[in-house]
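Quick caveat: nothing in here was measured; it's all calculated off a predicted structure. Below, each value reflects all heavy atoms present in this structure, side chains not excepted, and no hydrogens, waters or symmetry copies. Sequence lines set the chain letters: A, B, ... in the order given, protein chains first and strands last, and positions in each chain run from 1.
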Amino acid sequence: MNRFLDALALIGRGLIGACRTLGDVAIFAAVGVSHLLRPPFHFRQFWRHFVEIAYFSLPVVALTALFTGMVLALQSFTGFSRFNAESAIASVVVLSVTRELGPVLAALMVAGRIGAAMAAEIGTMRVTDQVDALTTLSTDPMKYLVTPRLLAATLAMPLLVIVANILGVLGGFLIGTVKLGFVAQTYLDNTWDVLEVMDVVSGLVKAAVFGFVIALMGSWCGYNSKGGAQGVGQATTAAVVASSILILALDYVITEAFFSR
Amino acid sequence: MTPSDREAERSVNQPGSNPTPKIRLRGLTKSFGAKRVLDGVDLDVRAGHSMVLLGGSGSGKSVTIKCILGLITPDEGLIEVDGQDIAKLSRRDRAALRDRIGMLFQNGALFDSLPVWENVCFKLLAQKRITRAAARDKAAEVLAQVGLAASVGDLSPAELSGGMQKRVALARAVAAQPDIIFFDEPTTGLDPIMGAVIDGLIVDCVERLGATAFSITHDMASARRIGDDAAMIHKGKIVWTGSAENLGETGNAMVDQFARGEREGPIQMELRK
């Protein structure tokens, strides 16, 4: 009986801890967003992070999308040829890339690159008293550190995903026409015929949400890091893991919202 | 408050008179889990004077300063600045109070992502009291006051030595002409000569501004150089207050042991054997 109660207490403690963390993150996000409505706004900080995310993440996102499109076309061909459905490859590539792979893979790459960097930078600032220094210098740390990052990531991710979509489709087109022998015009016609506005819009909405989540988890983990270099390392890992899991979970939720009948 | 106002305030705050202290702490307590770090701190800091709070590592010095700055919320107790209970201040009044305060952190806490000139004028820029173009000139002026060339302003904090970082941090603390300045272990990690240089700069800056200074340190030489008054905190309580001049010969066994760095005495280090 005692063992049963101990196990129950352990589960209860875990659940309470999870609820507390969820509440903390929600309040953190609400405070971060609320500073958008209250001046001053640190435009320089916003621009710095926007360029860091939208411009300097381009190579990694572009390469990921290009190769993903290429692999997708190749794999679809080997699979679909068993059913004589090779003509569906262009449709599969464009729908997969715009609805799912573009936003999800771009977000996972950005989570690894930007989420980790945000957690490390803010975490280092936390453990070296720079966050406290901001307060003593008449600057709200949330307003200065978190709000510009949230906005920058939310606006930059859709731009990255537009590029990822184009390059993902291009990758499929290159493999389809160069390696698999599709006629270029036919491949493009198949691509355009199947593509609807909602496919692109859903992907861009996902991108914006994923961007917000990456910045939120990076900022939150960094802001709450403790204990020197080890704490910053743990915060960085936690930021990437948490944002990756949230990206995949929210991907399902948004897909359900857009496409479930 | 201008430096001349502060001089007038200082003149009526001589020992013997009974004016409102610039900072008044009463019954301040703070615990972290089971550990009681502050256990009823009572302390007055006279306006226009330099108070040095002495104490060993983990005695509660930094927590005391962080409570006054509002970076940590005390469990109980009163903190008054200019007779106003800071716990009762509105958000706006608290922000206004912070505008009047400067702080030198132990490790400098300079912002790595900004050049030195922007670090120095950060508060002035945040308060929109200065344009970015004017801030460069202002930074050069303040850097000169702490013995640094204007060209240092274009460097990144990571390119500076420890002593230079401390001087830049001091420049940042005084750039907005605060009327209360806190110094957290200003000479820690510096060689004795650089420590004396920093102390001299602190005294110069505080005198020029006519500010009230509150420093925490365990460097006795530094305490004598920068302090008018001194207090000692031990196990979260103020155990002595007096003049900083005669540290080491105060007649208080704890202070004298601490000042002389003696192993034997009423302060026993908790060492596990």
query: Parallel under 30°, tilted from 30 to 60°, perpendicular over 60°: which one fits the rings of F43(A) and F46(A)?
result: tilted
task: State plainly whether the residues K166(B) and E185(B) are in salt-bridge range, i.e. N to O under 4.0 Å.
output: no
- line: Ordered numerically, the heavy-atom neighbours of chain B under 4.5 Å found in residues 211-231 of chain A are none
message: Between the side chains of D184(B) and K66(B), is the shortest nitrogen-to-carboxylate-oxygen separation below 4.0 Å, so that they form an ion pair?
response: no
field: Criterion salt bridge (charged side-chain N to carboxylate O under 4.0 Å, His left out) on R113(A) and E52(A), from CA distance to verdict
entry: CA-CA 10 Å; R113(A) 190 179 172 276; E52(A) 184 64 39; 3.0 Å; yes
query: Nearest 0.5 Å, what's the CD1-OG1 distance between I202(B) and T187(B)?
result: 7.5 Å
- prompt: Hey, does Q106(B) have a side-chain heavy atom less than 4.5 Å from the side chain of I216(B)?
  reply: no
query: Where does T139(A) contact chain B at under 4.5 Å (heavy atoms): side chain, backbone, both or neither?
result: side chain
- prompt: Which answer fits R94(B), side chain, backbone, both or neither, if we ask what part of it has an atom under 4.5 Å from a heavy atom of chain A?
  reply: neither
Contact class of D99(B) relative to chain A, heavy atoms under 4.5 angstrom: both
field: NZ/NE/NH1/NH2 to OD/OE distance under 4.0 Å, R91(B) and D140(A)
entry: no
- request: Starting at CG of L125(B), measure out to CG of L137(A) and round the result to the nearest 0.5 Å.
  value: 11.0 Å
statement: The interface call for I101(B) against chain A, heavy-atom contacts under 4.5 Å, is backbone
message: Taking D154(B) first and then R136(B), would you say they form a salt bridge - that is, a charged N and a carboxylate O separated by under 4.0 Å?
response: yes
task: Begin from the C-alpha positions of D199(B) and S222(B) and carry the test side chain to side chain donor-acceptor pair (under 3.5 Å) through to its verdict.
output: CA-CA 6 Å; D199(B) 286 340; S222(B) 174; 3.0 Å; yes
message: Minimum heavy-atom separation for G236(B) and V41(B), please, with both atom names.
response: O-CG2, 3.3 Å
- request: Using a heavy-atom cutoff of under 4.5 Å, enumerate the residues of residues 109-122 of chain B that contact chain A, numbered in order, or state 'none'.
  value: A109(B), L110(B), F111(B), D112(B), S113(B), L114(B), F122(B)
